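Take a look at the structure set out below.
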There are 2 protein chains.
Amino acid sequence: MNDQTKLQQEEELSLKLFIVLTRTLDAIEKRVLEDIKCLGLNPTEFAVLELIYNKGDQPIQKIGEKVLIASSSITYVVDKLEKKNFIMRKPCPTDRRITFAAITSEGKDLMDDIFPKHKMAIQQILAGLDTNEKETMIQQLKKLGYYAKGI
Amino acid sequence: MNDQTKLQQEEELSLKLFIVLTRTLDAIEKRVLEDIKCLGLNPTEFAVLELIYNKGDQPIQKIGEKVLIASSSITYVVDKLEKKNFIMRKPCPTDRRITFAAITSEGKDLMDDIFPKHKMAIQQILAGLDTNEKETMIQQLKKLGYYAKGI
DNA sequence: TAAATACATCCCGAAATCGAGATATTTATC
DNA sequence: GATAAATATCTCGATTTCGGGATGTATTTA
């Protein structure tokens with residue numbers, strides 16, 4: 001086999017990996033979505049609430065970085081969570097540009113209730129691999145991700 | 001270590017896998033997006049055009065199944081691709097419910113030009129893993145995906 | 001200190017996606 | 001052959017997300 005053919009095969013393989021990756025995450029997300037939708041939250045709202053629940057109050061700016069959405073979208077999501085009384089805006093005392101999103105007791109109560117269930121659901125959805133396989137895959141995915149980011 | 005603790009650790013591991021999976025695909029997609037955006041197509045438009053380019057004319061219904069979007073969204077995307085003259089609608093002669101989306105010569109010319117480049121770009125983005133690692137990951141992802149779908 | 005630059009949030013209009021249901025056609029059932 | 005059920009596409013309104021730019025605040029620079 002010559003180099004040209006090898007390269008083409010490798011390209012096909014990469015394309016296949018990309019497709020399988022997309023498909024798999026899609027299947028998983030569909031399941032996770034079902035788990036979340038019952039709660040009256042959409043995935044983004046859940047992600048934001050989870051972030052604040054687990055990592056404490058966050059400047060609105062930081063939320064966008066972690067949840068990977070545009071700044072104009074954060075405003076929208078925070079508005080909605082605030083309307084539902086799960087979080088509240090708190091001005092930063094030392095820097096008046098900054099607004100914190102802080103969880104309310106109502107938000108905390110909700111998460112205390114649903115977060116363990118959520119974790120359990122994910123556990124069940126990902127039970128197709130055993131412990132070692134998961135660890136290996138995490139490692140390999142990280143390698144892939146770091147490389148992709150670094151290009 | 002008791003069973004309770006083991007389960008909790010496994011839950012943490014699954015959650016981590018889910019997060020890493022999401023992050024990694026996100027990083028990769030961001031790169032692929034850059035590759036596509038220059039062409040005046042968004043990812044969905046590209047996916048639909050690629051499907052028709054590689055698999056031939058498709059009933060509009062089938063497009064939704066393969067590209068994983070709602071039927072109302074397909075109509076929207078096909079409209080846009082039709083306006084750009086990359087595809088055209090063709091009524092099915094034997095079943096008048098069905099409309100095919102068929103690639104135009106203009107659409108074919110475009111894909112002849114950009115699809116090889118696209119494949120090369122993906123090859124470069126995914127070069128963080130070698131051939132064997134990619135094959136293993138494809139296999140493991142499939143296992144994960146089948147299981148998730150089957151629940 | 002004044003001006004320029006950077007930063008954080010928000011507003012607005014547009015784009016993308018969805019869900020529910022309308023319409024037209026085909027297939028199945030009696 | 002008539003009616004019911006299934007299928008394919010599209011319409012419409014609502015939701016979510018984005019990009020660009022406006023506004024207010026902090027930091028740097030000249």
Side-chain angles (χ1 to χ4, degrees), chain A residues 22 25-26 29-34 36-52 57-84 86-102, chain B residues 22 25-26 29-30 32-34 36-49 51-52 57-84 86-102:
Chain A
T22 305
L25 187 56
D26 212 276
E29 271 179 343
K30 210 162 264 177
R31 292 297 171 182
V32 175
L33 220 80
E34 287 168 16
I36 291 170
K37 233 195 296 189
C38 324
L39 313 166
L41 296 175
N42 73 27
T44 312
E45 290 170 349
F46 183 81
V48 171
L49 195 54
E50 184 195 320
L51 175 68
I52 299 171
D57 301 358
Q58 300 283 324
I60 285 179
Q61 168 78 359
K62 291 284 169 209
I63 298 174
E65 285 167 24
K66 309 235 172 151
V67 181
L68 305 170
I69 52 177
S71 70
S72 48
S73 306
I74 316 165
T75 302
Y76 174 75
V77 176
V78 169
D79 280 351
K80 284 193 356 182
L81 284 172
E82 204 173 18
K83 251 173 223 151
K84 292 177 185 169
F86 293 142
I87 66 175
M88 56 189 304
R89 283 181 165 87
K90 269 192 187 168
C92 171
T94 62
D95 187 336
R96 289 196 300 175
R97 290 173 303 182
I98 296 174
T99 306
F100 285 98
Chain B
T22 306
L25 187 57
D26 213 276
E29 272 179 342
K30 210 164 261 175
V32 175
L33 221 80
E34 287 169 15
I36 292 171
K37 232 195 296 188
C38 325
L39 313 167
L41 296 175
N42 74 26
T44 311
E45 290 170 350
F46 182 82
V48 171
L49 195 53
L51 174 68
I52 298 172
D57 301 358
Q58 300 283 325
I60 286 178
Q61 167 78 359
K62 291 284 169 208
I63 298 174
E65 287 166 22
K66 309 235 173 153
V67 181
L68 302 171
I69 51 178
S71 70
S72 49
S73 306
I74 316 166
T75 302
Y76 174 75
V77 176
V78 168
D79 280 351
K80 285 193 354 181
L81 285 171
E82 203 172 21
K83 251 174 221 150
K84 291 177 185 170
F86 293 142
I87 66 174
M88 56 190 302
R89 283 182 165 86
K90 269 191 188 169
C92 172
T94 61
D95 186 337
R96 289 195 300 175
R97 289 172 305 182
I98 297 175
T99 307
F100 285 98

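The shown structure was predicted, so the numbers you read here are calculated from the model rather than taken from an experiment. Chain naming here is simple, since letters A, B, ... match the order of the sequence lines and numbering starts at 1 in each.
- Atom CD in A/Gln61 sits roughly 11 Å away from atom P in C/dC10 (whole-Å rounding).
- Residue B/Ile74 contributes atom CD1, which lies 16 Å from atom P of D/dT7 at whole-angstrom precision.
- For the pair B/Lys80 and C/dA16, the criterion of a side-chain N or O lying under 4.0 Å from OP1 or OP2 is met.
- Counting non-hydrogen atoms under 4.0 angstrom, A/Thr99 reaches the backbone sugars and phosphates but no base.
- For the pair A/Ile98 CD1 and C/dC7 P, the interatomic distance rounds to 12 Å; values are reported in whole Å.
- Straight-line distance from the CZ atom of A/Arg89 to the P atom of C/dA8: 16 Å, rounded to whole Å.
- When all heavy atoms of A/Phe100 and A/Cys92 are compared, the closest pair comes out as CE1-CB, 3.5 Å.
- Of the candidate nucleotides C/dT17, D/dA26, D/dT17, D/dA26 has the atom lying nearest to any side-chain atom of A/Arg97.
- The residue A/Ile69 sits close only to the backbone: its heavy atoms come under 4.0 Å of sugar-phosphate atoms, none of a base.
- Distance A/Glu29 CD to C/dC18 C1': 16 Å, rounded to the nearest Å.
- For C/dT17, the OP1/OP2 oxygens have no side-chain nitrogen or oxygen of B/Ser72 closer than 4.0 Å.
- Toward the 5′ end of DNA chain D lies the nearest nucleotide of A/Thr44, the other residue of the pair A/Thr94 and A/Thr44 mapping further downstream.
- By the 4.5 Å heavy-atom criterion applied to side chains, B/Asn42 and B/Val77 are not counted as neighbours.
- One interatomic measurement links the two molecules: OH of A/Tyr76 to C1' of C/dA14, which rounds to 15 Å at whole-angstrom precision.
- D/dT16 atom P lies 11 Å from atom CG of A/Leu81, rounded to whole Å.
- A/Ile98 places none of its side-chain heavy atoms less than 4.5 Å from the side chain of A/Gln61.
- Under 3.5 Å, the side chain of A/Ser71 and the base of C/dC10 form at least one donor-acceptor pair of N or O atoms.
- Summarising the geometry, the separation between CD1 on B/Ile60 and P on D/dT11 is reported as 11 Å, rounded to the nearest angstrom.
- Taking OG1 from A/Thr44 and NZ from A/Lys80, the interatomic distance works out to 7.5 Å, rounded to the nearest 0.5 Å.
- Taking only side-chain nitrogens and oxygens, A/Thr75 comes nearer than 4.0 Å to OP1 or OP2 of C/dC10.
- Listed nucleotides: C/dT9, D/dC10, D/dT25. Nearest to the side chain of A/Arg96: D/dT25.
- One finds no side-chain N or O of A/Asn42 lying less than 4.0 angstrom from the OP1 or OP2 phosphate oxygen of D/dT15.
- Here B/Asp57 does not pair with B/Arg89 in a salt bridge; the nearest charged N to carboxylate O distance is not below 4.0 Å.
- Here D/dC18 is the nucleotide among D/dC18, C/dT26, C/dA8 with the atom lying nearest to any side-chain atom of A/Ala70.
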